[in-house]
Amino acid sequence: MLKENLQGLDSFAANVKEALGNAIEQEPASLSLEIPREESHGEFAVACFQMAQAEGTDPPTVAKRLAKEIEIPGVTAEAVGPFLNFKVDSEILAQTVLEGALTSKYGKGEEHAATVLEFSSPNIAKPMHVGHLRSTVIGAALARILMRLGHRVTRINHLGDWGSQFGKLVAAWNNWGNEKSFLESPINHLLELYVRFHEEETDNPDLKDQAKEAFSELETEEDGETRQLWQRFTEASLQEFEQIYNRLGVSFEHIRGESWYENQLESLVEWLDSCGVLEESEGAQIIDLTEQGIDTPCLVKTAHGTTLYATRDLAAARSRWKEFSFDHSLYVVGSEQNLHFRQFKAALSRCGEAWAEKIEHIPFGLIRMAGGKLSTREGKVLLLSEVLDRACELAAETIAEKNPDLPDRESVAEKIGLGAVIFHDLKHQRQKDVVFDWKEVLSFEGDTGPYLQYTHARCCSILRKANSPSISSAEVDSSLLSDSKELMVALGRYPGALREAGRKREPSALAQSLLRIASAGNAFYRDKRVLGCGDENLEYARLAAVTALRNVLADGLHLLGVPAPEEM
RNA sequence: GUCCCCGUAGCUCAGCCGGAUAGAGCAUCGGUUUCCUAAACCGAAGGCCGCACGUUCGAAUCGUGCCGGGGACGCCA
């Protein structure tokens with residue numbers, strides 16, 4: 001990355017590395033600085049044990065020598081025992097942070113890359129439940145983060161609108177479907193049918209055959225009755241999904257279900273065959289992957305001749321490669337599909353497709369209920385809309401209690417409720433399983449979305465009352481902010497957190513950074529009176545700090561998909 | 001049985017490209033409102049970082065094994 005693009009503390013880190021690299025004759029890029037735990041130890045540090053070993057002296061000697069030798073503008077090097085600590089000058093730091101955070105460019109990157117991002121991907125004919133929240137919210141945040149870092153992102157919603165489940169649904173409809181119930185509440189009725197199918201199929205083997213027959217029809221007949229049914233189901237589901245996406249502020253460049261690749265399936269299978277990787281096993285068409293270290297083969301066609309999940313994902317991957325020539329193709333899909341992604345990447349590799357390496361599965365942990373597993377088949381679902389509704393209702397109650405005169409109460413309640421749910425999901429590392437706990441999801445205190453929203457609203461309130469025109473960092477006397485280093489350090493680490501979130505595909509890195517910023521912000525305006533502090537220049541400088549704080553919180557919340565009301 | 005993920009304070013988690021006395025939030029106890037929103041702030045208490053061995057000057061962090069939890073393992077997606 002070009003040095004000019006570094007912002008906040010990153011720019012100081014680059015200078016430190018360069019000076020240190022010169023002093024010890026090493027490539028600056030190969031050096032890594034650590035962030036000291038203790039605030040008094042400065043903003044960056046290096047341990048001198050290895051250098052001492054190389055030189056045959058002891059670490060404190062090396063640290064002392066380097067502390068004397070190294071000169072960095074705006075940074076003091078200090079030896080503390082075997083450590084070399086670097087302290088950034090408060091005034092210069094404040095100036096740098098304000099220059100960045102008062103512009104809209106703060107945290108922008110230059111990682112020009114074409115990135116395809118598949119996420120959300122709910123199944124047609126089933127309501128969205130809490131499990132879909134993770135893929136949706138993680139994917140949407142990741143898309144915005146990567147865009148900020150310079151990626152050209154293509155968001156794809158890979159709807160589960162194909163497969164044998166639709167055979168089951170059609171069979172169920174033909175047996176028990178009710179037009180009136182469908183019109184009243186399409187997805188609920190379809191879910192009832194789906195559940196009933198699974199209840200009855202064990203005692204009624206004929207049902208299974210009907211389902212297989214129906215899916216087969218769907219895949220072969222162009223405009224049969226079965227296809228018309230499928231189309232109705234799809235449209236009805238999509239309408240319901242749109243409501244949730246609107247609420248969550250999620251959008252896609254393409255909503256393409258698995259069916260979108262339907263007419264590419266045949267040529268895909270032919271292509272696989274021409275690559276010489278297809279073989280028959282127990283009547284099915286498979287790709288053997290034992291040489292790739294995977295015991296289970298990739299199933300491409302069933303013994304009945306119908307396609308499978310992997311077939312459609314292979315077709316989709318190839319189609320996307322042709323269409324987007326991506327540098328990265330990311331899939332935000334639950335970790336239970338780890339094997340599937342290993343298989344289908346390995347299958348592409350076997351065909352000699354080097355771009356298979358650009359495919360990256362971004363797994364996340366399951367949501368489980370405290371009382372047991374969620375299961376669509378058994379009808380045990382926790383609807384996403386229900387979770388959102390309850391959060392928003394509670395937010396409305398909280399407003400009624402804490403700020404009853406707030407204008408536009410309903411809309412603010414919606415923002416807070418959604419913010420609580422979304423942030424709760426994004427603050428945890430995505431790989432970890434989550435036990436769904438109402439008490440936690442509906443909490444508005446502590447490390448929560450509403451806490452960040454509240455801090456943001458407080459800033460807005462101060463700025464509103466200041467009634468001052470836009471602040472220019474060039475006119476700020478930053479020496480007056482020397483006493484606000486904690487806040488400036490927290491804000492200064494924001495660009496780095498953003499890059500880490502992108503690199504690790506981990507929105508929680510950004511979420512955690514925002515929590516530290518909010519905490520520093522609350523301490524700031526607790527100790528430092530802004531309006532009417534008695535000094536015009538001081539007030540201006542503090543208003544600049546509050547503006548920077550408000551901007552960064554607003555920006556970070558926006559990237560995560562958490563609304564940021566100006567009052568609450 | 002094989003493979004993958006997780007195991008840090010009573011609870012939920014951060015820290016994990018190894019480094020200086022292991023950090024938050026919730027819950028508990030105590031304090032702060034004539035002062036820019038108390039959805040906040042301050043303080044107290046709370047930890048063989050699952051266990052063992054290994055690598056290293058140094059391990060919560062890396063490796064191996066074990067234990068515990070979750071998941072996956074050909075015609076579902």
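As a basis for the values below, the full set of heavy atoms in this structure was taken, side chains included, without hydrogen atoms, waters or symmetry mates. Model, not experiment: these values are computed from the prediction.
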Base of G19(B) and ring of Phe49(A) stacked, centres under 5.5 Å, planes under 30° = yes
Tell me, for nucleotides 39-51 of chain B in 5' to 3' order, what letter each nucleotide earns: B for a base near a protein heavy atom under 4.0 Å, S for only sugar-phosphate near one, - for neither?
-> BSSS---------
C1' atoms of G1(B) and G63(B), separation to the nearest Å | 24 Å
A77(B) pyrimidine/purine six-ring stacking with His340(A), under 5.5 Å and 30° | no
May I ask you to say what Ile286(A) touches in the nucleic acid, namely base, sugar-phosphate or nothing, with a heavy-atom cut-off under 4.0 Å?
-> base
Using only side-chain N and O atoms of Gln337(A), determine if any of them is under 4.0 Å from OP1 or OP2 of A72(B).
-> no
Do the side chain of Asn85(A) and the base of A20(B) come within less than 3.5 angstrom through a donor-acceptor pair of N or O atoms?
-> yes
Short side-chain N/O contact to A14(B) OP1/OP2 from Ser508(A), under 4.0 Å | no
Taking only side-chain nitrogens and oxygens of Gln53(A), does any of them come within less than 4.0 Å of OP1 or OP2 of C57(B)?
-> yes
So what does His304(A) touch, heavy atoms closer than 4.0 Å: a base, only the sugar-phosphate, or nothing?
-> nothing
Examine C35(B): is either OP1 or OP2 under 4.0 Å from a nitrogen or oxygen in the side chain of Arg529(A)? Give yes or no.
-> no
Calculate the interatomic distance between Asp433(A) atom CG and G7(B) atom P; express it in whole Å.
-> 11 Å
Grab the CD-P distance between Glu336(A) and C6(B) for me, whole Å please.
-> 15 Å
Side-chain donor-acceptor contact under 3.5 Å, His198(A) with Glu201(A) = yes
Return the nearest nucleotide to the side chain of Lys432(A); candidates are C16(B), A20(B), G71(B).
-> C16(B)
Do any side-chain nitrogens or oxygens of Arg516(A) fall under 4.0 Å of OP1 or OP2 in A24(B)?
-> no
What is the distance, rounded to the nearest whole Å, between atom CG of Asp437(A) and atom P of U12(B)?
-> 9 Å
Can a donor-acceptor pair under 3.5 Å be found between the side-chain atoms of Thr296(A) and the base atoms of G74(B)?
-> no
Using a 90° cut-off around 0 for syn, call G7(B) syn or anti.
-> anti
Starting from the C-alpha separation in whole Å, work towards a yes-or-no answer on side chain to side chain contact (heavy atoms under 4.5 Å, CB included) for Arg350(A) and Glu291(A).
-> CA-CA 9 Å; Arg350(A) 263 205 72 185; Glu291(A) 279 186 22; over 6 Å; no
Are Trp260(A) and Trp162(A) near enough that their ring centres are under 6.0 Å apart?
-> no
State the dot-bracket string of RNA chain B. Criteria: Watson-Crick or G-U wobble, both atom distances under 3.5 angstrom; notation: ( ) intrastrand, [ ] crossing earlier pairs, | interstrand, . unpaired.
-> (((((((..((((.....[...)))).(((((.......))))).....(((((..]....))))))))))))....
Separation of A72(B) atom P from Leu299(A) atom CG, nearest Å, is 17 Å
Where do Glu219(A) and Leu265(A) land on the side chain to side chain contact (heavy atoms under 4.5 Å, CB included) test, with the steps shown first?
-> CA-CA 10 Å; Glu219(A) 282 214 306; Leu265(A) 293 173; 4.0 Å; yes
Would you say a side-chain N or O of Lys465(A) is under 4.0 Å from OP1 or OP2 of U37(B)?
-> yes
Round to a whole Å and report the spacing from CD of Gln50(A) to C1' of C57(B).
-> 10 Å
